[in-house]
Amino acid sequence: MGERKGVNKYYPPDFNPEKHGSLNRYHNSHPLRERARKLSQGILIIRFEMPYNIWCDGCKNHIGMGVRYNAEKKKVGNYYTTPIYRFRMKCHLCVNYIEMQTDPANCDYVIVSGAQRKEERWDMEDNEQVLTTEHEKKQKLETDAMFRLEHGEADRSTLKKALPTLSHIQEAQSAWKDDFALNSMLRKRFREKKKAMQEEEERDQALQAKASLAIPLVPETEDDRKLAALLKFHTLDSYEDKQKLKRTEIISRSWFSSTPGPRTGSSKAGSVLKKLAQNRRCAPVGSPITVEDLGIVRRRSREALENLRLAAETPKPGEPWVPEGNTQDRPASPPDCSPETAETPRSRGPPGQAGKRQDRPRSPPGPSQEAAASQDDTPPPGTLSSSLVADYSDSESE
């Protein structure tokens, strides 16, 4: 704003260039305005930037490098022909004033009062760097030949000591010269390592899922491989024994699954099938299955039973007839024999009597002989014509 006011285009009517010279002299003001209010004392107010980190002595706060202040600039001396300036500024956190001045000999700033410097300076001599030649030494090198010779010998010995380090630095720099090849090699190595890590992680996850493990697995070593090679695991039973045991279990297992549940109309048939399965299990392996093993009892119809009774009462040809009331002379059938298998005992005699019986005249056929004939025509009890009736007397009532 001040600069714009100083170069305005308005000239008042009483302005005389020969008398006033400029508008600033006409207005009796300085071009820097308020910044030049102490110019009569040799002080100019400038914008100063902190050159390094310091701690304020008044509030003990840290003031970082780059913080700007309105400082009073004043010339305090010369270093040869270079002027030395001092800067005075007020801390923005307290009422303390900080004073600093330039150091042309060391190309640095020195704190005069009001603050302490945070020591972060780089010493070239301590770090074995090449030092700049001082002004006095330069003059002596130009005028004194012996000093120049001695200085050259010292420089050559220093170079001989630093030569291995310099060659190592040059090799390192030449190795990194081709950036594209180095980057490609590094990325290729990274991809191979990443792929190996992914494969190892997949193997670990498969092993954890197979063994139901929830613990992290450590990478295997050569000692682990040697120890694993010395161990040998085998099962207690062979494959043939396991197959034989499985077949035995299948054979001894029940054919019908016994599932508990509410009784239905088929409970009677289920109990019968269960009994049949128990009888089948108790029967020996080599013996054939009979009708009695299955729990089935044969019963003849009423007609067949009547014919059998009539046949038992009627004597056969060649046998003595016994009246119905006289049952003492009739041979008794064994109590265990069933009517189907019971046969009337024939008279035993010499073989010659059989022919005499055949020569006897036969009596005319009657109802008894017809019943006997029908008995002879009756098929044996084991044929299909006989009626089979299942016995459910032992089963549960509905």
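All heavy atoms count here, side chains included; hydrogens, waters and symmetry mates do not.
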### Query
Which value, rounded to the nearest 0.5 Å, describes the distance between Asn96 atom CG and Cys56 atom SG?
4.0 Å
### Query
Within a radius of less than 6.0 Å around CG of Asn28, do more than 12 heavy atoms belonging to other residues, nucleotides or ligands occur?
no
### Query
Below 4.5 Å, heavy atoms only, C-beta onward: do Asp204 and Glu201 meet side chain to side chain?
no
### Message
Check for me, please, whether Val67 and Met100 land in the same ILVMFWY cluster - side-chain distances under 4.5 Å, paths through other members count.
### Response
yes
### Message
Just so I know, are the side chains of Cys91 and Tyr97 near enough to count as touching, which here means a heavy-atom distance under 4.5 Å?
### Response
no
#### Entry: Residues which pass side chain to side chain contact (heavy atoms under 4.5 Å, CB included) with Phe180, listed by chain and number, not counting sequence neighbours
Asp178, Ser184
### Task
Taking the six-membered ring of Phe87 (Phe, Tyr or Trp), confirm whether the NZ or CZ of Lys73 is under 6.0 Å from its centre and within 45° of its axis.
no
### Task
Please name the pair of heavy atoms, one in Ala71 and one in Met89, separated by the smallest distance, quoted to 0.1 Å.
CB-CB, 4.0 Å
### Message
Please say yes or no: joined through hydrophobic side-chain contacts below 4.5 Å, possibly via intermediate residues, are Ile84 and Ile43 part of one cluster?
### Response
no
### Query
So with a 6.0 Å cut-off around NZ of Lys90, is the heavy-atom count from everything else above 12?
yes
### Task
Before accepting this row, confirm whether a basic side-chain N of the pair Glu222/Arg225 lies closer than 4.0 Å to the acidic partner's carboxylate O.
yes
### Query
Going through the distances and angles, do Asp108 and Arg117 end up as a salt bridge (Lys or Arg N to Asp or Glu O under 4.0 Å)?
CA-CA 12 Å; Asp108 200 359; Arg117 180 174 181 174; 3.0 Å; yes
### Task
Walk me through it: do Arg156 and Glu153 pass the test salt bridge (Lys or Arg N to Asp or Glu O under 4.0 Å)?
CA-CA 5 Å; Arg156 279 190 289 272; Glu153 291 293 332; 2.6 Å; yes
### Query
Taking atom CD of Glu136 as the centre, does the number of heavy atoms from other residues, nucleotides or ligands within less than 6.0 Å exceed 12?
no
### Task
Starting at NZ of Lys38, measure out to CD1 of Ile45 and round the result to the nearest 0.5 Å.
6.0 Å
### Query
When rounded to the nearest 0.5 angstrom, what is the spacing between OG in Ser22 and OH in Tyr11?
9.0 Å
### Message
Please find the pair of heavy atoms, one from His20 and one from Arg25, that lie closest to each other, and give the distance.
### Response
O-CD, 2.9 Å
### Message
Would you say Asp224 and Thr221 are linked by a side-chain donor-acceptor pair, where the criterion is simply a distance under 3.5 Å?
### Response
yes
### Task
Flag yes if Tyr79 and Val76 sit in one hydrophobic cluster, no otherwise; membership is Ile, Leu, Val, Met, Phe, Trp, Tyr, and two members link when side-chain heavy atoms are under 4.5 Å apart.
yes
### Query
Under the side chain to side chain contact (heavy atoms under 4.5 Å, CB included) criterion, do Lys74 and Gln41 qualify, and how do the steps go?
CA-CA 9 Å; Lys74 183 173 63 173; Gln41 304 174 10; over 6 Å; no
### Task
Could you label the plane-to-plane angle of the Tyr69 and His92 rings as parallel, tilted or perpendicular, counting under 30° as parallel and over 60° as perpendicular?
tilted
### Query
To the nearest 0.5 Å, what is the distance between CD1 (Ile54) and CG (Asn61)?
11.0 Å
### Task
Taking all heavy atoms of Arg33 and all of Ser29, pick out the closest pair and write down the distance.
NH1-OG, 3.1 Å
### Query
Going from CG on Leu44 to CZ on Arg37, what distance comes out if it is rounded to the nearest 0.5 angstrom?
10.5 Å
### Message
For Leu141 versus Arg148, what's the shortest heavy-atom pair and its separation?
### Response
O-NH1, 2.7 Å
### Task
Consider only side-chain heavy atoms of I, L, V, M, F, W and Y, link residues closer than 4.5 Å, and tell whether Val112 and Tyr52 are in one cluster.
no
### Pairing of Asp14 and Lys19 as salt bridge, 4.0 angstrom limit
no
### Task
Provide the full list of salt bridge (charged side-chain N to carboxylate O under 4.0 Å, His left out) pairs with a residue in residues 42-62, sequence neighbours left out, each pair given once.
Glu49-Arg68
### Task
Could you tell me whether the side chain of Glu99 reaches within less than 4.5 Å of the side chain of Arg88, counting heavy atoms only?
yes
### Query
Heavy-atom distance under 4.5 Å between the side chains of Glu200 and Pro219, does that happen here?
yes
### Message
Is it the case that the side chain of Asn53 and the backbone of Met65 share a donor-acceptor pair, with hydrogens and angles ignored and the cut-off at 3.5 Å?
### Response
yes
### Mutual orientation of the aromatic rings belonging to Tyr109 and Phe48 [parallel < 30°, tilted 30-60°, perpendicular > 60°]
perpendicular
### Message
To the nearest 0.5 Å, what is the distance between CZ on Arg86 and OG on Ser113?
### Response
7.5 Å
#### Entry: Presence of salt bridge, Glu119 and Arg121, under 4.0 angstrom
yes
### Query
Which pair of non-hydrogen atoms, one from Pro83 and one from Thr102, has the smallest distance, and what is that distance?
O-OG1, 4.1 Å
### Task
May I have the step-by-step check of side chain to side chain contact (heavy atoms under 4.5 Å, CB included) for Leu23 and Phe15, ending in yes or no?
CA-CA 8 Å; Leu23 288 175; Phe15 175 74; 4.1 Å; yes
### Query
What pair of heavy atoms forms the shortest contact from Gln208 to Leu217, and how long is it?
NE2-CG, 3.8 Å
### Task
Using a 4.5 Å cut-off on heavy atoms from C-beta on, say whether the side chain of Lys188 contacts that of Arg191.
yes
